[in-house]
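This structure is a prediction, so every number in the text was calculated from the model and none was measured.
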Amino acid sequence: MVIGAKVTRVSTNPIVYHSFNCTSDVYTKLLEAYAQNGALQSGKTLHAHLVINGLAQKTHFASKLIAFYAERKQLPHARKLFDQIPESNIRRWIVLIGAYARHGFYEEAMSVFSEMQREGVKPNKFVLPSVLKACGRFSDFRMGAILHGVILKNEFEFDSYVVSALIDMYSKCGKVEKAKRVFYGMVDKDLVAMNALVSGYLQYGIVNDALVLVEEMKIQGMKPNVVTYNTLIAGFSQEDDQVLVCKVIELMHDDGLELDVVSWTSIISGLVQNFHNREAFGMFKRMLDVGLCPTSATISSILPACATVADLMLGREIHGYTMVTGIEKDVYAKSALIDMYAKCGLISEAKELFSKTSERNSVTWNSMIFGYANHGYCSEAIELFNQMLREEERKPDHLTFTAALTACSHAGMVQYGESLFKMMQDKYAIKPRLEHFACMVDLLGRAGKLDEAYNLIQSMPIEPDLFVWGAFLGACRQHGNMDLAEIAAKQLAKLEPESAGSSVLLSSLYADASKWANVAKLKRVIKKKKLKKFPGCSWVEVA
DNA sequence: ATAGGGTTAG
């Protein structure tokens, strides 16, 4: 067997290894080769062979195997191996925590870090950036502040990786002042640290400070890179500020940089988020015209704009592209596709995608449950919700419960809905939000339990909004309760003076009750306030 | 080991 550059081409059949009676060296080379581009299956085969030869638990191999699985997002495999190694060495912890943080499992990253500390392993400067990242993404400021203490105590504050990660953590937690203080305390300010602070300013809405910082640092000789500019573009585009987006593009040109796929994706994403679907499609086309290939992020950004029957054709084309490129497997793109089909009413297509999915996150589940619930497949929605509860790797979140409660409300399942509302708080420690109260009011109200709905509203720990009162008013109308309807309408008038929605609803209520004089009076009020009723509309697809 | 773009919402 030849060992060296061509080692990736070696057969992955364990019988072949066995017959060659491999040495440790061969395994090491194989593992290193697989680490970069090996398929998951090849790695598993090699792993099996190491187990047979009693080598899997040797620290040297185990660390490499952990890294192999972690890199392919096989965190449960990585964790299992990790647990099988008795020896406690910080490298293993770094690999595992880093993998969790890189793949978005922030809670796991932090809990493994706590575990590491409980076992008496002292954090070093290599593990801290990953943990700080997890804190930031999870907005765990308390933990982040403790880590800041660890950094100072161990004199890690001169390590640029650690400090940049610290600034990023404070930025993500919305503690811009702290981020600023750390940045200005740096002796050698580096680009990554500056970019982290720019991102903090933007998230905090101090757009001008972000621009000023970049200009200031330019004067001091720092050269912004494409990451700096993309951060600015993303922030401005989300704010729907096309003028500033253009300004940044000009700055990029001045610096001799051109827009990359991340720049385009940021622009498209902002347009879609701000409902400029046509402009987003235009940008998407221009991006293709300049020869850039959309990534899974581009696809997940543009798909929500196709989630209407009128633009389904484009959505289908994009779906085709994801199948050809392999992007379809990406959990973001997959969830967006499921949502798109569901929103267009193509439940069976959504379902097919959902059932073929190997990797699902809460968004994937929620999209499908919402799809069912919003199209009247209430029992399917509830069934899927229960399946999610049974499959423990993904916990339901506040949107899962919104989706499930919506299904209950459409199906008139009052008791079950009430039990879910309770379970959400007691078992999953999710505080009810406005949308949950709105669902509950809708659920109780539709069932004619107006007093219970009203009591619920009055017991709310947060101020009811127009959806809550709107649901209540709708129920009052349905059941012809004028007294409670007037209470709701008054609250609505306070909340949404600029919209005529509640007044229109109230006027039809009065019409139902044959109080024509009141209808006329209301219509005058609406006219006087120049309120506009948004007409309902429908789309047909023209081939 | 650190910085940029992404999916669900009554």
(request) Output the single nucleotide from B:dA1, B:dG6, B:dG10 whose closest atom is nearest the side chain of A:A297. (result) B:dG6
(request) Check every atom of B:dT8, B:dT2, B:dG6 against the side chain of A:S301 and return the nucleotide holding the closest atom. (result) B:dG6
(request) Would you indicate what A:K334 reaches in the nucleic acid, counting non-hydrogen atoms under 4.0 angstrom: base, sugar-phosphate, or nothing? (result) nothing
(request) Would you classify A:S335 as touching base, sugar-phosphate or nothing, given that sugar-phosphate means primed atoms plus P, OP1 and OP2, and contacts are heavy atoms under 4.0 Å? (result) base
(message) Under 5.5 Å centre to centre and under 30° between planes: does that hold for A:Y332 and the six-membered base ring of B:dG6?
(response) yes
(message) Among residues 246-263 of chain A, which ones have heavy-atom contacts with DNA chain B below 4.0 Å?
(response) A:D260, A:V261, A:V262
(request) Describe the nucleic acid contact of A:R446 in one word from base, sugar-phosphate, nothing, applying a heavy-atom distance below 4.0 Å. (result) nothing
(request) State which of B:dG10, B:dT7, B:dG6 makes the closest approach to the side chain of A:E435. (result) B:dG10
(request) Looking at every strand, decide which applies to A:N124 at a 4.0 Å heavy-atom threshold: base, sugar-phosphate, or nothing. (result) nothing
(message) Heavy atoms from C-beta onward define the side chain here; which of B:dG10, B:dA1, B:dT8 lies closest to that of A:T402?
(response) B:dG10
(request) Check each residue of residues 191-207 of chain A for a non-hydrogen atom within less than 4.0 Å of any atom in DNA chain B, then write out the ones that pass by number, or none. (result) A:V192, A:N195
(message) Please classify the nucleic acid contact of A:S171 as base, sugar-phosphate, or nothing, using heavy-atom distances under 4.0 Å.
(response) nothing
(message) By the 4.0 Å heavy-atom rule, please label A:N225 as base, sugar-phosphate, or nothing.
(response) base
(message) For a quick check under 3.5 Å, do A:T406 and A:S409 share a side-chain donor-acceptor pair by atom type?
(response) no
(message) So A:I167, base contact, sugar-phosphate only, or nothing? Heavy-atom distance under 4.0 Å.
(response) nothing
(request) Can you label the angle between the A:W93 ring and the A:F82 ring as parallel, tilted or perpendicular, going by 30° and 60°? (result) perpendicular
(request) Please work out if A:T298 contacts a base, only the sugar-phosphate, or nothing of the nucleic acid, heavy-atom cut-off 4.0 Å. (result) base
(message) Need one value for A:D442: base, sugar-phosphate or nothing, where a base atom within 4.0 Å counts as base even if backbone is also close, heavy atoms only.
(response) nothing
